Protein chains: 2
Amino acid sequence: MMNTKNTDQITVFKALADSVRLDIIEYLKHTDHEVSCGEVGKALNISKTSGSYHFKLLQEAGIITTRKEAREKYVSLNSKTFDKYVTNFYKNI
Amino acid sequence: MMNTKNTDQITVFKALADSVRLDIIEYLKHTDHEVSCGEVGKALNISKTSGSYHFKLLQEAGIITTRKEAREKYVSLNSKTFDKYVTNFYKNI
DNA sequence: TAAATAGTTCAAAAACCTTTGAACTATTTT
DNA sequence: AAAATAGTTCAAAGGTTTTTGAACTATTTA
């Protein structure tokens, strides 16, 4: 269980270390329907450029999964990543 | 359980989002005796100035507690912080 | 008392992250 | 076919974080 490089772990914590992204994560956790980037951006007052940047980081960290349908991109939380890198972090280091 | 500002949460994730600090945390988790900043710094090849900076951030995030004895500062992990802000993060947002 | 050791503080430099607006692609609606 | 909508990309600007060396305080050892 001893790490030597931690890069995925750091990518996840970096992705979580920002208020815009935490707001997005909360929004996704509390929503009961499939949501698009646009819906989240409007709800949280994030410009589309900035939203695009933050969704990309969340995706690269494995925190969200995305599905493109026509013009829209639907996003949802990937709970496996929380499990592996957040919830069990302390136990696993 | 709904957050509105998240500042402590972000301070914790920021503190965890760095490889030097993750190395320090691992070192503290795996050690069986009380350790000083100097011991950790030597073991991990961190300059004392840089060490001082990182220990300060970890302390401000509540991730370590410290005890000064004479010249030396002893550090240890504060598992309550992991409990509150890391292990239970996903459940609590 | 002088030298060594443990740590802190400061300012500068370097590296990294976030926001912005403009220009763009692709799809849908009128 | 033109206009509208959803999202991306780019470069520039601004902000934040990290590393560095020098100078510092406080304590201990020779």
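Lettering of chains follows the sequences in order, A, B, ..., and the numbering in each one begins at 1. Since we're looking at a predicted model, the values are computed, not measured. For the numbers below, each heavy atom of this structure counts, side chains included, while hydrogens, waters and symmetry mates do not.
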What nucleotide, of [options], holds the atom closest to the side chain of [X]?
| X | options | answer |
| --- | --- | --- |
| B:Thr49 | C:dT20, C:dC10, C:dT28 | C:dC10 |
| B:Val20 | C:dT18, D:dT19, C:dG21 | D:dT19 |
| A:Cys37 | C:dT18, D:dG7, D:dT20 | D:dG7 |

Does the structure place the NZ or CZ of B:Lys29 under 6.0 Å from the centre of the six-membered ring of A:Tyr90, at an angle of no more than 45° from the ring's axis?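 Verdict for A:Tyr90: a cation-pi partner in B:Lys29.
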Rounded to whole angstrom units, what separation is found between the [atom1] atom of [X] and the [atom2] atom of [N]?
| X | N | atom1 | atom2 | value |
| --- | --- | --- | --- | --- |
| B:Phe55 | D:dT17 | CZ | P | 20 Å |
| A:Ile24 | C:dT19 | CD1 | C1' | 14 Å |
| B:Glu72 | C:dT5 | CD | P | 12 Å |
| A:Ile10 | C:dC17 | CD1 | C1' | 16 Å |
| A:Lys48 | C:dG21 | NZ | P | 12 Å |
| A:Arg67 | D:dA6 | CZ | P | 16 Å |
| A:Asn45 | C:dT20 | CG | P | 11 Å |
| B:Tyr53 | C:dA15 | OH | C1' | 12 Å |

Pick base, sugar-phosphate or nothing for A:Ile46, based on heavy-atom distances below 4.0 Å to the nucleic acid.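 Since no nucleic acid heavy atom lies under 4.0 Å of A:Ile46, the category is nothing.
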Do any side-chain nitrogens or oxygens of [X] fall under 4.0 Å of OP1 or OP2 in [N]?
| X | N | result |
| --- | --- | --- |
| B:Lys68 | C:dG7 | no |
| A:His54 | C:dT19 | yes |
| A:Arg71 | C:dT25 | no |
| B:Ser36 | C:dG7 | yes |
| B:Lys14 | D:dT17 | yes |
| B:Lys42 | C:dA6 | yes |
| A:Ser50 | C:dT18 | no |

Would you say the base of C:dG7 and the side-chain of B:Lys73 have a donor-acceptor pair closer than 3.5 Å? no
If we only count heavy atoms from C-beta on, is the B:Val75 to B:Thr65 side-chain gap below 4.5 Å? no
Does any non-hydrogen side-chain atom of B:Tyr74 lie less than 4.5 Å from one of B:Thr66?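 Side-chain contact under 4.5 Å: no.
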Going by atom types alone, do A:His33 and A:Glu39 pair a side-chain donor with an acceptor below 3.5 Å? yes
Around atom NZ of A:Lys84, are there more than 12 heavy atoms from other residues, nucleotides or ligands closer than 6.0 Å?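 Not buried by this count: 12 neighbours or fewer within 6.0 Å.
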